[in-house]
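Below is one structure, written out as structure tokens; the observations come after it.
Each chain gets a letter, A, B and so on, in the order its sequence line appears, and its residues count up from 1.
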Protein chains: 2
Amino acid sequence: MGATKTDLFTKQQNDIANMAKALAHPARIAILQHLVKINACIGGDLVEELGLAQATISQHLKELKAVGLIQGTVEGTSICYCINPKTWMQYRNLFDKFFDSSVSEGSCC
Amino acid sequence: MGATKTDLFTKQQNDIANMAKALAHPARIAILQHLVKINACIGGDLVEELGLAQATISQHLKELKAVGLIQGTVEGTSICYCINPKTWMQYRNLFDKFFDSSVSEGSCC
DNA sequence: TCGTATAATTGCAATATTGCGATATATAAG
DNA sequence: CTTATATATCGCAATATTGCAATTATACGA
């Protein structure tokens with residue numbers, strides 16, 4: 001009791017939920033927006049950009065990397081992070097499809 | 001230490017994160033999909049539809065209502081739930097805008 | 001090799017979420 | 001008023017997330 005019962009739901013439902021979970025933190029939203037904005041790859045400028053400790057930023061980067069939203073390549077002593085366009089589009093499509101489920105205008109309540 | 005530092009981020013970033021958090025559970029995705037599918041309003045059929053206890057379903061419905069994604073009106077002894085089209089569109093637009101941040105094809109990494 | 005700079009990992013404390021049994025509340029029927 | 005049905009709330013236990021200091025890798029230059 002306390003853990004999500006993923007086995008009760010379809011793969012698609014768990015997928016959407018997991019993607020949403022990856023976006024369910026303002027720091028991760030901020031990181032993604034920053035990466036989209038400055039197209040160039042940056043390393044730990046994020047630590048200064050956001051006001052969080054290096055360990056915390058690293059944690060969030062790890063989670064974003066785990067779901068494939070970003071990728072990082074070693075660039076000397078620092079690391080070059082950027083959006084993974086492929087996964088980005090997958091996310092976009094999944095949410096599009098989810099929200100496209102046409103909601104009838106005539107609300108019944 | 002342990003609570004999200006919302007004050008470090010913009011309102012928009014917190015908004016997106018909160019919306020994502022509302023979608024960050026397969027049970028809530030399943031509830032929304034079910035409500036979209038059967039346009040009519042249903043009550044606690046959800047308890048049978050998903051395999052969760054009544055108290056748990058009620059909890060999830062409460063969260064969805066809290067963010068405005070669904071609305072419920074009393075219908076005799078049961079309650080009629082349905083999508084709130086207005087908020088639904090707002091969510092859709094926010095995510096659209098977020099993902100529309102054009103990701104340059106030429107990945108730099 | 002040694003020191004420096006950057007990022008990842010570890011270990012911990014605080015807080016949040018999930019799930020459910022038990023109980024409370026509300027409405028309709030009798 | 002009492003009963004039955006449907007939903008909400010409370011209180012608890014289990015698990016997950018967030019944040020950070022301290023430590024540990026890793027890569028580069030002197």
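- In terms of heavy-atom proximity, Q13(B) sits nearest to F9(B) at OE1-CB, 3.3 Å.
- Regarding contacts with the backbone of dA6(D), every side-chain N or O of T77(B) stays at 4.0 angstrom or more from both OP1 and OP2.
- The backbone N or O of A30(B) lies less than 3.5 Å from no partner atom in the side chain of Q33(B), so there is not a single donor-acceptor pair.
- For the pair H25(A) and D45(B), nearest-nucleotide mapping onto DNA chain D gives the more 5' position to D45(B).
- At dC20(D), one or more side-chain N or O atoms of T56(A) fall inside 4.0 Å of OP1 or OP2 (strictly under the cut-off).
- Nucleic acid contact class of S58(A) (heavy atoms, under 4.0 Å, all strands): base.
- The phosphate of dA8(D) (OP1 or OP2) has a side-chain N or O of Y81(B) nearer than 4.0 angstrom.
- At a threshold of 4.0 angstrom between heavy atoms, the contacts of A55(A) include nucleobase atoms, whether or not backbone atoms are also involved.
- To the nearest angstrom, P of dA7(C) lies 14 Å from CD of E49(A).
- Rounded to a whole Å, the CD atom of E75(B) is 14 Å from the P atom of dA6(D).
- Residue I79(A) contributes atom CD1, which lies 16 Å from atom P of dA25(D) at whole-angstrom precision.
- One can place CD of Q59(A) at 14 Å from P of dA21(D), the figure rounded to the nearest angstrom.
- For dA8(D), one of the phosphate oxygens OP1 or OP2 lies less than 4.0 angstrom from a side-chain nitrogen or oxygen of K65(B).
- Nucleic acid contact for E63(B): sugar-phosphate only, since backbone atoms but no base atoms lie under 4.0 Å from a heavy atom of the residue.
- Set against dG21(C), dT18(C), dA16(C), the side chain of R28(B) has dT18(C) as its closest nucleotide.
- No N or O donor and acceptor, one from the side chain of Q54(B) and one from the base of dA6(D), sit under 3.5 Å apart.
- Here S78(B) does not reach the OP1 or OP2 of dA6(D): none of its side-chain N or O atoms lies under 4.0 Å away.
- Taking atom CG on N18(B) and atom C1' on dT17(C), their separation rounds to 14 Å, with Å as the unit.
- The residue among A24(A) and G76(A) whose nearest nucleotide of DNA chain D lies closer to the 5′ end is A24(A).
- dA7(C) atom C1' lies 15 Å from atom CG of L50(A), rounded to whole Å.
- The main-chain N or O of T6(A) is found under 3.5 Å from a side-chain atom of N14(A) such that the two form a donor-acceptor pair.
- A salt bridge does not link D96(B) with R92(A): none of the charged nitrogens is closer than 4.0 Å to a carboxylate oxygen.
- Along DNA chain C, the nucleotide closest to K5(A) and the one closest to V74(B) are compared, and the more 5′ of them pairs with K5(A).
- The side chain of K62(A) sits closest to dT9(C) out of dA8(C), dC20(C), dT9(C).
- With rounding to whole Å, L52(A) atom CG is found 17 Å from dA8(C) atom C1'.
- Proximity of the aromatic rings of W88(B) and F95(B) is defined here by a centroid distance below 6.0 angstrom, and this criterion is not met.
- The residue I57(A) sits apart from the nucleic acid: no heavy atom pair falls under 4.0 Å.
- At least one donor-acceptor pair closer than 3.5 Å links the side chain of R28(A) to the backbone N or O of A22(A).
- To the nearest angstrom, P of dT7(D) lies 10 Å from CD of E48(B).
- OP1 or OP2 of dG19(C) lies within a sub-4.0 Å distance of a side-chain N or O belonging to H60(B).
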